[in-house]
Amino acid sequence: MKTLQTVVPTPEQMKLMVWPRPGTKIIRGAAGSGKTTTSILMMKLSIGWLVDHFAQNNNESPIKIRVFTFNRTLAAYIEDLVNQEAIIPSDVQKKLDVEVITLSKYMYRRMDYRPNIWNAKVQEEKIKELGMSISLTAQFLADEVEYLQGRLDGDDLESYIDMERTGRGGKPRVDKQLRRQILDEVVYPYIESKKVAGALDWNDLALIFSKEKFDDINIAIVDEAQDFSANQLKAITKQLADVNFTTIVLDTNQKIYKRGFTWREAGIDIKETSYARLERNYRNTIEIAKFASKLIENSLITIDDDGTLPKLDEIRRNGPKPIVIEGRFRRQMEYVFEYLSSHVDLSNESVGFLHAKGGGWFDELKKTLTRKGLEFVEITGESYWPPADTNIALSTIHSAKGLEFDYVFIVGLEDRHFSFASDDNEDVDYSTVIKLLSMAITRAKENVIISYNNTSKPSFLKHLDDSTYEMVRV
């Protein structure tokens, strides 16, 4: 499957392609603005600076480069990019120690023993069991516990009582009394249960790495940083060499996990940091960008300083309007495959079938693809990027973050595929759903098709702007 095709700097990126100097740079960028390729291009410049620096100091050690992503699929995607000869020549690659990896795997590999890790599923089950008497949904409570532990040091959990809940919305209201109950009945017993079981969770590893040095990183890239926790970012900054180039790229409009942090909490000194903002969307057509942007705007979701909407009037590519299909699932699929046959060149163009849940929800799709003799790959959670001759990918929406396809199909949408209590922009779960869907739309370069059953229309589709799409009823 094709990876990012453009490694030549765009006009916006060219402004950043100056002689580099060590330090931290934060790049805020809209969807499709080339945040990932910008970080890779800046890495290339930093390598040149460090090769000279190492030579001048008679340092024959390899230059340590760590590219941190949040999911394995994106890690595989970026690794495929980094290994291209056009980006880093082979004679220079010999001087490098490059690792493109999820932070969790990076930390786990560097422990001097193999800890018993409670994954997210086990963590949620434990929290659900402990929080039976708390007047919050099990999912919201699990997210809240992950959120507060990801922001605070293990010795400072009491700060949760008074802290501003950045990134968690205003509904449901979590007042001081409820916070006290969450700490006493869930958080502290959960921590104790880990001790009894001799287990850690991923936040425990982040806390360990935020206090102990396991590495000496010369170049660090943190991709999609809006979905990292404060403790995870601190874990990375602790591992940096004295002389380092660190690039952090983010867009909170594409935040798809219910985390939040301030730069101070993340261990980033704003006074010592330089910034850049990429506002021009090079991936999407103007039609796709409007479709996604209006969804965000019409839902009245707050856009903070780390979020960036594209400048629509600067997009130079045009294409057909996105398509929204209403009809029974069988008819949705018939339309999609007719569209594939008549509009998509599968020998040269890539297709992403995205779904909130993935897994069994793709069973009917996989049967149809197989019956029609169309090769496909499932990329959710995979640690490799698919071969170049397979251009149909099936993925959860979460795992598609950071990726791009020529065409995107988001079929069979229903409210039940997402977790939220009410269709209110102050409900953090609902806001996350809107951002998740907007992010999925902007994965498409040429066109996107969304479909749903006429008897179960998702509530959040009311935020779409009628003028930005073509309505088809089948």
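Heavy-atom basis, side chains included; hydrogens, waters and symmetry copies ignored. FYI, the numbering just counts along the sequence from 1. Note that the structure is predicted; figures quoted are calculated from it, not measured.
Looking at N284, its side chain does come within 3.5 Å of a backbone N or O of A444 through a donor-acceptor pair. D306 contributes no side-chain N or O that, together with a main-chain N or O of T252, makes up a donor-acceptor pair within less than 3.5 Å. The main-chain N or O of F214 is found under 3.5 Å from a side-chain atom of Q239 such that the two form a donor-acceptor pair. Although no hydrogens or angles enter the test, the distance criterion places no donor-acceptor pair under 3.5 Å between the side chain of R28 and the main chain of D251. Put simply, the side chain of S350 gets close to the backbone of D406: a donor and an acceptor are under 3.5 Å apart. Checking side-chain atoms of D223 against main-chain N and O of V67 turns up no donor-acceptor pair under 3.5 Å. Within the 3.5 Å criterion, the main-chain N or O of L240 finds no donor-acceptor partner in the side chain of N244. In this structure, R66 contributes its side chain and D215 its backbone to no donor-acceptor pair below 3.5 Å. R151 places no side-chain N or O within donor-acceptor distance of the main-chain N or O of R259, the cut-off being under 3.5 Å. A donor-acceptor pair under 3.5 Å is formed between the side chain of S451 and the backbone N or O of G412.
Shown here is K462, whose NZ atom has more than 12 heavy atoms of other residues, nucleotides or ligands within 6.0 Å. Within 6.0 Å of atom CG in D242, 12 or fewer heavy atoms from other residues, nucleotides or ligands are found, so the atom counts as exposed in its surroundings. Counted within 6.0 Å of CZ on R264, heavy atoms from surrounding residues, nucleotides or ligands total 12 or fewer; the atom is thus considered open. Within 6.0 Å of NZ on K311 lie no more than 12 heavy atoms contributed by other residues, nucleotides or ligands. Residue K290 qualifies as open at atom NZ: its count of foreign heavy atoms under 6.0 Å is 12 or below.
Look at R180 and D184 and you find a salt bridge, because one of the NZ, NE, NH1 or NH2 atoms lies within 4.0 Å of a carboxylate O, short of that distance. Comment: R277 does not engage E279 in a salt bridge, judged by the lack of any side-chain N to carboxylate O separation of less than 4.0 angstrom. Checked for salt-bridge contact, D201 and K194 meet the test: a charged N lies under 4.0 Å from a carboxylate O. The residues K255 and E224 are annotated as not salt-bridged, no charged nitrogen and carboxylate oxygen being separated by less than 4.0 angstrom. Here R179 does not pair with E158 in a salt bridge; the nearest charged N to carboxylate O distance is not below 4.0 Å.
Looking only at atom types and distance, the side chain of D143 has a donor-acceptor partner in the side chain of Q139 under 3.5 Å away. With 3.5 Å as the limit, one finds no donor-acceptor pair spanning the side chains of T432 and D429. Side-chain N/O atoms of T396 and S399 include a donor and acceptor closer than 3.5 Å. Side-chain polar atoms of S274 and K25 form a donor-acceptor pair below 3.5 angstrom. In the model, E272 has no side-chain atom that pairs as donor or acceptor with a side-chain atom of T24 under 3.5 Å.
Of the inter-residue distances, the one linking S210 atom OG with Q232 atom CD reads 11.0 Å to the nearest 0.5 angstrom. Rounded to the nearest 0.5 Å, atoms CD (E144) and OG1 (T137) are 10.5 Å apart. In this structure, CD on E297 lies 6.0 Å from CG on L309, to the nearest 0.5 angstrom. Once rounded to the nearest 0.5 Å, the distance linking CD1 of I397 with CD1 of I256 reads 9.0 Å.
The shortest distance between side-chain heavy atoms of V249 and T36 does not fall below 4.5 Å. Under the 4.5 Å side-chain criterion, counting only non-hydrogen atoms from C-beta, V351 is not in contact with F405. Residues R165 and Y147 meet the side-chain proximity criterion, which asks for heavy atoms closer than 4.5 Å. You'll find the side chain of I270 reaches within 4.5 Å of the side chain of Y275, heavy atoms only. In this structure, the side chains of I117 and V122 stay at 4.5 Å or more apart for every pair of heavy atoms. Looking at L205 and L200, their side chains come closer than 4.5 Å, going by heavy atoms from C-beta outward. Looking at I296 and I434, their side chains come closer than 4.5 Å, going by heavy atoms from C-beta outward. Counting heavy atoms from C-beta outward, Q254 and K401 have side chains that stay 4.5 Å or more apart.
Taking the six-membered ring where the residue is Trp, F261 and W263 present perpendicular rings, their angle passing 60° and hence far from 30°. Ring geometry for H398 versus Y257: interplanar angle of 30 to 60°, hence tilted.
Residue N298 comes nearest to H463 through the heavy atom pair ND2-O, 2.9 Å, listed as atom of the first residue, atom of the second, then distance. The shortest non-hydrogen separation linking S459 to D415 is N-OD1, 3.0 Å. The shortest heavy-atom contact between D216 and A241 is OD1-CA, 3.5 Å. Across A30 and P310, no two heavy atoms sit closer than the pair CB-N, 3.6 Å.
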- Task: Run the numbers on F418 and Y430 for ring-ring contact (aromatic ring centres under 6.0 Å, His included), then give the verdict.
- Result: CA-CA 9 Å; F418 303 91; Y430 188 69; 9.7 Å; no
- Message: Let's go through Q123 and I127 carefully: what are the C-alpha distance in whole Å and the side-chain angles of both, what is the deciding distance for side chain to side chain contact (heavy atoms under 4.5 Å, CB included) to 0.1 Å, and is it a yes or a no?
- Response: CA-CA 6 Å; Q123 183 176 345; I127 291 170; 3.8 Å; yes
- Task: For I161 and L183, run side chain to side chain contact (heavy atoms under 4.5 Å, CB included): C-alpha distance rounded to whole Å, both residues' side-chain angles, the deciding distance at 0.1 Å, then the answer.
- Result: CA-CA 9 Å; I161 298 296; L183 283 178; 3.7 Å; yes
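Under the 6.0 Å cut-off for aromatic ring centres, F68 and Y106 qualify, their centroids lying closer than that.
Here salt bridge (Lys or Arg N to Asp or Glu O under 4.0 Å) pairs that include residues 116-134, with residues two or more places apart or in two chains, number zero.
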